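Start at 1 and go down the list; that is how both ligands and their atoms are numbered. This structure is a prediction, so every number in the text was calculated from the model and none was measured. The analysis underlying the following values was restricted to heavy atoms, covering all of them including side chains, and did not include hydrogens, waters or symmetry mates.
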Amino acid sequence: VKNLIAYDKTWQTKVADQAKEIIKRKIESNQNPPDCETASVCMTSYSGCGFGCKVHMFEWVMSLSLFLNKVIIFDNSSFGYTGNITNDPFKAISPYFTDGTVYSKTTGGDVIDEKFVYIHTKLRPRASGLKPRYTTVDFWSRLYSFHGNPKAWITGHHIRYILRPKPVMEDIIQKSEKNVNFSQPIVGIHIRRTDKLTMEGENARFISLQQYLPHVDQWYDKYDLSQRRKNITIPTERRIYLATDDPSVWEETKNNYPNQLYRLKGYKFFGFQNLARIASNLTSRSTLFGLLGVVVDVTMLSKCDAMVCSLSSEVANLAFELRQTQHLDASNDVIPLDLGYGYEFLVSRVHIAVYAHKAKVKATNETFDEIELMQGDILFTITNWWNGFFNGINERTGERGLYPTYKVK
Ligand code: GDP
């Protein structure tokens with residue numbers, strides 16, 4: 001059996017490597033056209049939202065450009081952060097089209113013609129359509145042979161290309177790894193608070209550090225069991241990489257330590273508490289953490305052995321997707337404390353209404369209303385709320401909101 005498992009893993013790794021190569025070749029040939037004069041382009045620009053949200057918008061446009069065989073160009077101010085490092089810490093998405101502004105003549109909406117596509121990134125309604133797919137059915141079935149969530153796998157590989165660090169950023173990441181003494185095993189925790197908890201239309205709620213820890217504890221208990229079987233000394237040092245936008249979480253890890261039991265097990269927290277302290281004196285969140293903090297946190301989370309988070313955050317989704325590029329199949333080692341995988345730009349599946357549904361009036365503590373269903377309606381599902389409801393868009397009415405899981409297939 002052991003040989004069979006090893007054989008299977010070797011085979012799966014080979015299939016995964018081939019699939020990675022196919023994606024890489026597709027992106028590279030798309031982004032490096034033989035004749036720049038005649039190549040048609042797909043341009044997208046900055047829009048005012050957080051890092052995770054922006055990367056997801058770009059990823060959406062990248063899928064579209066790969067599907068349309070147009071070169072994608074992000075304009076220079078794409079990431080819109082100023083702060084402690086250079087404005088543009090990532091490699092140019094297309095080395096031959098470096099000046100995006102030349103192409104951004106059109107504003108105010110999507111424009112599509114033979115040569116040029118301008119994608120306006122404030123594209124909320126875009127979620128009502130499925131992400132364009134340039135890959136074949138055969139390719140997807142190959143992905144299923146080694147991976148539990150091909151959508152996250154492909155998205156992760158696109159994002160990895162978008163976020164190729166320049167040497168200056170690479171250096172910062174490496175130094176940060178050293179600085180936090182990053183070594184495995186380590187479990188990542190992502191705690192998203194601040195503006196996310198108060199912004200209208202958001203579906204996040206406050207989750208205390210105490211609610212995260214039992215999941216980490218369980219992961220280490222299982223890990224110790226597997227080590228014992230290999231006759232390796234246990235207990236393992238219990239390390240946690242803490243990524244957060246809320247500096248006060250660092251105080252929770254010290255002063256208000258949640259539970260004596262965990263203290264006895266010697267949990268150690270790693271991360272950027274110093275950055276968090278500096279940031280707590282500033283007023284604007286985007287300058288406060290800047291691009292540096294969030295890029296480093298997402299990179300570290302992607303490397304951890306497991307991740308406990310709230311997937312209502314796009315940053316957590318981003319880390320989850322990048323995890324898929326770091327491990328053969330990391331689709332199962334995320335422990336989400338609220339929603340399932342998904343966000344506005346990733347319609348995760350399509351449902352068909354089997355029963356009609358009358359929308360109930362919004363309860364005061366809920367951010368979305370229920371929506372109406374008629375038998376046969378098509379729904380683009382964004383997230384699973386794990387409470388009997390999906391959150392999605394009804395194609396017929398254009399309404400977005402919650403609908404009961406048992407009424408659709
Ligand atoms: P969401 O609001 O969490 O769904 O994701 P967005 O991408 O829209 O915005 C999140 C913003 O919060 C980021 O741009 C960061 O400024 C900040 N942020 C969220 N999580 C982290 C984290 O783990 N570390 C740091 N440094 N900043 C974070």
Side-chain angles (χ1 to χ4, degrees), residues 46-60 78-85 89 121-122 124 127 159 162-163 169 172-173 176 179-180 187-207 209 212 240-250 253 269-280 282-304 307-323 334 336-346 367 382-383 391:
Y46 163 77
S47 162
C49 66
F51 180 69
C53 164
K54 232 171 270 172
V55 173
H56 284 138
M57 283 180 175
F58 291 155
E59 195 281 325
W60 197 98
S78 297
F79 285 99
Y81 280 83
T82 49
N84 19 21
I85 50 167
T121 47
K122 286 201 168 138
R124 293 290 163 190
I159 290 174
I162 295 172
L163 299 182
M169 189 71 215
I172 289 170
I173 292 172
S176 309
N179 190 25
V180 296
V187 175
I189 285 186
H190 179 247
I191 303 186
R192 176 77 169 100
R193 290 182 186 161
T194 63
D195 59 328
K196 186 80 178 172
L197 304 180
T198 51
M199 259 189 293
E200 206 187 322
E202 287 293 348
N203 34 30
R205 62 187 163 84
F206 179 91
I207 305 176
L209 180 61
Y212 282 77
I240 294 175
Y241 183 87
L242 173 59
T244 182
D245 61 321
D246 180 5
S248 71
V249 182
W250 285 101
T253 66
F269 289 87
F270 297 85
F272 282 91
Q273 63 269 55
N274 291 337
L275 190 68
R277 284 223 186 83
I278 297 161
S280 66
L282 301 172
T283 45
S284 145
R285 187 176 46 85
S286 54
T287 33
L288 105 133
F289 276 78
L291 194 52
L292 171 63
V294 66
V295 171
V296 169
D297 275 346
V298 164
T299 309
M300 298 300 168
L301 285 173
S302 75
K303 292 182 179 188
C304 290
M307 178 172 93
V308 190
C309 62
S310 53
L311 282 174
S312 55
S313 163
E314 294 216 35
V315 171
N317 279 279
L318 183 62
F320 173 65
E321 288 154 344
L322 285 174
R323 292 180 64 70
V334 59
L337 301 186
D338 56 7
L339 311 182
Y341 171 57
Y343 43 86
E344 195 95 30
F345 292 88
L346 186 100
T367 43
I382 299 161
T383 51
N391 168 26

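- By the criterion of a heavy-atom distance under 4.0 Å, the backbone of Thr244, and not its side chain, is placed next to ligand 1.
- Here the side chains of Val315 and Val298 are in contact, with some heavy-atom distance below 4.5 Å.
- A donor-acceptor pair shorter than 3.5 Å can be found between the side chains of Ser248 and Asp246.
- For the atom pair Ile189 CD1 and Ile207 CD1, the distance stands at 11.0 Å (nearest 0.5 Å).
- At a heavy-atom distance under 4.0 Å, only side-chain atoms of Lys196, from C-beta outward, approach ligand 1.
- A salt bridge does not link Arg193 to Asp245: none of the charged side-chain nitrogens sits closer than 4.0 Å to a carboxylate oxygen.
- Here His190 has side-chain heavy atoms under 4.0 Å from ligand 1, and that is the only part of it that gets that close.
- Remark: ligand 1 atoms within the under-4.0 Å shell around heavy atoms of Arg192 are 1 (P), 2 (O), 3 (O), 9 (O), 10 (C), 11 (C), 12 (O), 19 (C), 20 (N).
- Considering backbone and side-chain atoms alike, Ser313 places an N or O below 3.5 Å from some N or O of ligand 1.
- Listed by atom number, the atoms of ligand 1 under 4.0 Å from Glu314 heavy atoms are 1 (P), 3 (O), 4 (O), 5 (O).
- For ligand 1, the atoms sitting less than 4.0 Å from at least one non-hydrogen atom of Gly52 are 7 (O), numbered in the order shown with element in parentheses.
- We find the CG-CG distance between Asn317 and Leu322 to be 11.0 Å, quoted to the nearest 0.5 Å.
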